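None of the values given here were measured: they were computed from a predicted structure. Ligands are counted one by one from 1 in listed order, and the atoms in each one are counted from 1 as well.
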Amino acid sequence: MTNETQTGEMTDGFNLVIDALKLNGIDNIYALPGIPITDLTRKAQTAGMRVISFRHEQHAGNAAAAAGFLTQKPGICLTVSAPGFLNGLTALANATTNCFPMILISGSSEREIVDLQQGDYEEMDQLAIAKPLCKAAFRVLHAEDIGVGVARAIRSALSGRPGGVYLDLPAKLFSQAMDAVAGKASLIKVVDPAPKQIPAPEAVQRAVNLLKSAKKPLILLGKGAAYAQCDAEVRALVEKTGIPYLPMSMAKGLLPDNHAQSASAARSYVLAEADVVVLVGARLNWLLSHGKGKTWGSKDAKEAGGQQFIQIDISPTEADSNVAIAAPLVGDIGSCVSALLAGLGSNIAKPPAEWTGAVSEKKDKNLTKMAETLAKTPSPMNFHSALNVVRNQIKAHPDAVLVNEGANTLDFARSIVDMYEPRKRLDVGTWGIMGIGMGFAIAAAVETGKPVIAVEGDSAFGFSGMEVETICRYNLPVCVVVFNNNGIYRGTDVNGSGGTDVAPTVFVKNARYEMMMQAFGGVGVVANTAAELDKAMTEAIASGKPTLINAIIDETAGTESGRITSLNPTSAANKK
Ligand code: ADP
Ligand code: TPW
Ligand code: MG
């Protein structure tokens, strides 16, 4: 102990947690108060942090995850013990699955009582339960270790492959007092939490050689590329090589979707025909049919020697997870893309015109067909006519953030609504999880200050619908559009028994979702036509007022499971 620690001024666990977060540039907390963290939320607000208080922890957790994806700082979710912790855990696991950095901080009960299972208030061994569901989990027992605990949590969330971290703070910690000067000295400002990782020169050369040999190259951009915030490098890779590219859902807008090299409208063609595919922050998981099967490798492609992959990823164990990767490039996307471009030299040969011409031809044909469909104005609206309105709104407001969940509402929006700027599309991600809607929308509004448009299936909206009160309370510029087709996938299912209960996928007909927003002082509108939807969205974006538009969609228009019908165990595709 030095003399500096003898000032007589004291600090405590509450203040040290707040100071540690602030020291590391974390300004927002997504929380739900209660014992033992009520005073932490109050004190954080008093200390100048923005504390967004939710109605359910899962949505606070989803907000933290989205904040992490958007800002490259771990989003913070703060909950009470056992039930609050468990409510936040789904979001923590989902963040980890999606490689979003977040920290779930939960208060916990007394260690001695929990460990002897003596029945404390909200008793639960939270650390043990969290561990398998996140990237790292830590517990702090002493006030003087708070600095280390927060630093470890931040570094774990951000370094390498980003993910969710759990930080367990027992109730007793918060009131522990210690000398203020010593406390301040115990805090750590994390230096370079996500260090650049430069790919090895021979790995770069291997990738360069393979790419140079390609006759039908394709670049596949994933949400890792969006997260990495090296937009200029990614754009340079695409434009300098002239290679057609395909964005995964949340990579849309890294380059504008109307870019000449976008192959989105020729997706099945390029996946089947490409000979060398450059994966940039995208995993070959179910969303890409695991890199094999009918989606990949047409007969022609197989006869021409098959398909080979270059995979750029920060995780050294991602390569070969589904199919052989001929040229893995391990490192951060910015460094890998720059190294690849440097390796290709200054005079990069464009891909053969036969390939780019064939892709353009397919694309133009499909775009013409889509334009015809979008021009129709059926009554009631179907997914296409309603999404055409959203498409035009995003075109007019490219800086708006689009949050999207549902089945048909998701799948159609992904292909119909073009994005023009990076990190403007937030959706159900790797799990295809319902319930991210309002949490993501709130974080998008809080973190970016831009208008937010949440396009929600009526079922999807129900998972987080109560958070419209949160949106109204903080007066956030969020326009929720509920695609109301009276149910999950469609509103027309019937009870197989002939009984009086409705079918499991059917909801109350003609539900008045707009009244939910009105209940809390926001604007609620019904839109029966495309013109009404357009007017309501225009007004919502112009006013910035919390708005919910109940968009009435033909209840017969959707298909079972949207576009993933084949994953349903009873679908024709899975019957032998
Ligand atoms: P998508 O669903 O869009 O295909 P995935 O979530 O499957 O994307 O893949 C994202 C990948 O990006 C993960 O494998 C992750 O390790 C990787 N990743 C995330 N951040 C970076 C980064 N900064 N540099 C390199 N790779 C990254
Ligand atoms: C946490 C299963 C996938 S999509 C969906 C459910 C329930 C809702 C589809 O209906 P919605 O969309 O939103 O009305 P639409 O346009 O087709 O009518 N629980 C969780 N996650 C998932 N994915 C489900 C259930 C599901
Ligand atoms: Mg629906």
For [X], the ligand 1 atoms whose distance to one of its heavy atoms is below 4.0 Å:
{"X": "G331", "value": "24 (N), 25 (C)"}
{"X": "R161", "value": "13 (C), 14 (O), 15 (C), 16 (O)"}
{"X": "G281", "value": "8 (O), 9 (O), 10 (C), 11 (C), 12 (O)"}

Which protein heavy atom lies closest to [atom], and at what distance to 0.1 Å?
{"atom": "atom 23 (N) of ligand 1", "value": "A228 CB, 3.7 Å"}
{"atom": "atom 23 (N) of ligand 2", "value": "G432 O, 2.8 Å"}
{"atom": "atom 3 (O) of ligand 1", "value": "K223 N, 2.7 Å"}
{"atom": "atom 24 (N) of ligand 1", "value": "I333 N, 3.0 Å"}
{"atom": "atom 11 (P) of ligand 2", "value": "S459 CB, 3.5 Å"}
{"atom": "atom 5 (P) of ligand 1", "value": "R283 NE, 3.4 Å"}
{"atom": "atom 14 (O) of ligand 2", "value": "D458 OD1, 2.6 Å"}

Proximal ligand 2 atoms for [X], defined as those under 4.0 Å from one of its heavy atoms:
{"X": "A407", "result": "4 (S), 9 (C), 12 (O), 15 (P), 17 (O)"}
{"X": "T409", "result": "15 (P), 16 (O)"}
{"X": "G406", "result": "12 (O), 13 (O)"}
{"X": "A460", "result": "13 (O)"}

Taking N or O atoms only and a 3.5 Å limit, does [X] qualify as a polar contact for ligand 1?
{"X": "S315", "value": "no"}
{"X": "Y227", "value": "no"}
{"X": "D313", "value": "yes"}

[X] near ligand 2 by a heavy-atom separation under 4.0 Å:
{"X": "G487", "value": "yes"}
{"X": "F383", "value": "yes"}
{"X": "F483", "value": "no"}

Task: 4.0 Å heavy-atom contact, C99 with ligand 1 - done: yes
Task: Residue-ligand contact G429/ligand 1, heavy atom below 4.0 Å - done: no
- [ ] Applying side chain to side chain contact (heavy atoms under 4.5 Å, CB included) between I243 and each of L237, V276, L211, V359, report the one that passes.
- [x] L211
TODO: Examine Y166 together with F85 and report whether their ring centres are nearer than 6.0 Å.
DONE: yes
Open item on the list: If I take every N, O or S atom of G487, is at least one of them less than 2.8 Å from the Mg ion (ligand 3)?
Closed with: yes
Open item on the list: Closer than 2.8 Å to the Mg ion (ligand 3): does that hold for any N, O or S atom in N485?
Closed with: yes
Open item on the list: Assess whether a salt bridge exists between R161 and E318, defined as any Lys/Arg side-chain N lying under 4.0 Å from an Asp/Glu carboxylate O.
Closed with: yes
- [ ] Take atom 9 (C) of ligand 2 and look for protein heavy atoms under 4.0 Å from it; say yes if you find one, no if not.
- [x] yes
Open item on the list: Could you tell me if Q308 and D275 have a donor-acceptor pair between their side chains, going purely by distance under 3.5 Å?
Closed with: no
Task: Under-4.0 Å heavy-atom contact with ligand 2, by part of F463 that carries it - done: side chain
Of the listed options [options], closest to [atom] (non-hydrogen atoms):
{"atom": "atom 18 (O) of ligand 2", "options": "L410, N485, T559, V455", "value": "N485"}
{"atom": "atom 21 (C) of ligand 1", "options": "N98, V280, I314, L288", "value": "I314"}
{"atom": "atom 5 (C) of ligand 2", "options": "R563, E405, M434", "value": "M434"}
{"atom": "atom 12 (O) of ligand 1", "options": "C230, P162, G224", "value": "G224"}

TODO: Check M248 against ligand 1 and report side chain, backbone, both or neither, counting heavy atoms closer than 4.0 Å.
DONE: side chain
TODO: Specify side chain, backbone, both or neither for I312, according to which of its non-hydrogen atoms lie closer than 4.0 Å to ligand 1.
DONE: neither
Task: Name of whichever N/O/S atom of D458 is nearest to the Mg ion (ligand 3) - done: OD1
- [ ] Kindly compute the distance separating CG (D313) from CG (L279), expressed to the nearest 0.5 Å.
- [x] 9.0 Å
